[in-house]
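So that we are looking at the same thing, I have put the structure below in structure tokens.
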Amino acid sequence: MSTIQTRLLAVRARIDAACQAANRSPQTVTLLAVSKTFGPDAVREAYAAGQTAFGENYIQEAVEKIAALRDLPLQWHCIGPIQSNKTRLVAENFDWVHTIDRLKIAQRLSEQRPAHLPPLQLCLQVNVDGGDNKSGVPPPEALALAKAVAALPNVRLRGVMSIPEPTPDFVACIAILASIRAVFDALNAEGLALDTLSIGMSADLEAAIHAGSTMVRVGSAIFGGRSYPA
Ligand SMILES: *Cc1c(COP(=O)(O)O)cnc(C)c1O
């Protein structure tokens, strides 16, 4: 078995154990393999181990990788920031976008989504702990943005995503994840019918699953350390 296959099995075992500890079915948590900075061969190895959903941060890098892997039935998630001049590439190449924090970007994605493709699946990125410079909509603005995005054609609002600041303290980590979950619950209480809570990475997937994550985004625990960041 390859190293990537071995690591994938270990990550799936962590997810199963975390689900068991939280009294949840493992089927309620989707594993998104974050393949940024790794080439098509690494993705092929993960696919050989049964992984089909992949996350990418850099649009240009992702578009090349997606093209090189057209022969495989993969699902591609954009989890990086999107500038206006990149929305067309995203609308044409990805299945999901997790980083919606401005209506303008969602409008462009909706307008540019090719008619032959299914609706682009979207998550709002919320910022519960950062300063003004951090990506993500502040929780008080999330409802208005969610309603506006949900009204667009060619896209479907599926949930909430967040990238909390890393904290080594499990209790503090749980509190921040719970505040993200609270935004998700508040939007659903307003009738938005969201099914995706995209939180949890290599270091905090157990805490995220405890907090109700339905999609964990795991990179280094599957593919190894990255030689360049983000
Ligand atoms: C890189 C990245 C991940 C994966 O991080 P790891 O710590 O390698 O698991 C998850 N989400 C986002 C938004 C990322 O940029």
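In listed order, ligands and their atoms are each counted from 1.
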Exercise. With the threshold set at 4.0 Å, does a side-chain nitrogen-carboxylate oxygen contact exist between Lys65 and Glu56?
Worked result: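 Answer for the salt bridge query: yes.
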Exercise. Mind checking whether His98 has a heavy atom under 4.0 Å from ligand 1?
Worked result: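 His98 does not count as a contact of ligand 1 under the 4.0 Å cut-off.
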For this session: Could you list which atoms of ligand 1 come closer than 4.0 Å to a heavy atom of Lys36?
Result: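 Selected atoms, number and element: 1 (C), 2 (C), 3 (C), 14 (C), 15 (O).
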Report, one line per pair, each donor and acceptor closer than 3.5 Å where one atom sits in a side chain of residues 68-79; sequence neighbours left out.
{"unit_1": "Arg70", "atom_1": "NH2", "unit_2": "Asn93", "atom_2": "OD1", "d": "3.3"}
{"unit_1": "Asp71", "atom_1": "OD1", "unit_2": "Arg44", "atom_2": "NH2", "d": "3.0"}
{"unit_1": "Asp71", "atom_1": "OD2", "unit_2": "Arg44", "atom_2": "NH1", "d": "3.0"}
{"unit_1": "Gln75", "atom_1": "OE1", "unit_2": "His77", "atom_2": "NE2", "d": "2.9"}
{"unit_1": "His77", "atom_1": "ND1", "unit_2": "His98", "atom_2": "NE2", "d": "2.8"}

For this session: Mind checking salt bridge (Lys or Arg N to Asp or Glu O under 4.0 Å) for Arg217 and listing every partner two or more places apart, or none if nothing turns up?
Result: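 Here no residue qualifies.
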For this session: Could you say whether the N/O atoms of Gly219 and ligand 1 ever approach to under 3.5 Å?
Result: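 Among all N and O atoms of Gly219, at least one is under 3.5 Å from an N or O of ligand 1.
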Problem set entry | Proximal ligand 1 atoms for Ile79, defined as those under 4.0 Å from one of its heavy atoms |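 What qualifies from ligand 1 is 11 (N), 12 (C), 13 (C), 14 (C).
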Exercise. Which of the numbered atoms in ligand 1 are below 4.0 angstrom from a heavy atom of Val218?
Worked result: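 Every atom of ligand 1 under 4.0 Å from some heavy atom of Val218: 9 (O).
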Exercise. Within the side chain of Asp101, is there an N or O that forms a donor-acceptor pair under 3.5 Å with the backbone of Val137?
Worked result: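 Checked: no pair found.
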For this session: Give the numbers and elements of all ligand 1 atoms closer than 4.0 Å to a heavy atom of Arg217.
Result: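 Under 4.0 Å from Arg217, ligand 1 has these atoms: 4 (C), 9 (O), 10 (C), 11 (N), 12 (C), 13 (C).
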Exercise. So, for Ser110 and Asn154, which heavy atoms are closest and what is the spacing to 0.1 Å?
Worked result: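 In terms of heavy atoms, the two residues are closest at O-ND2, 2.9 Å.
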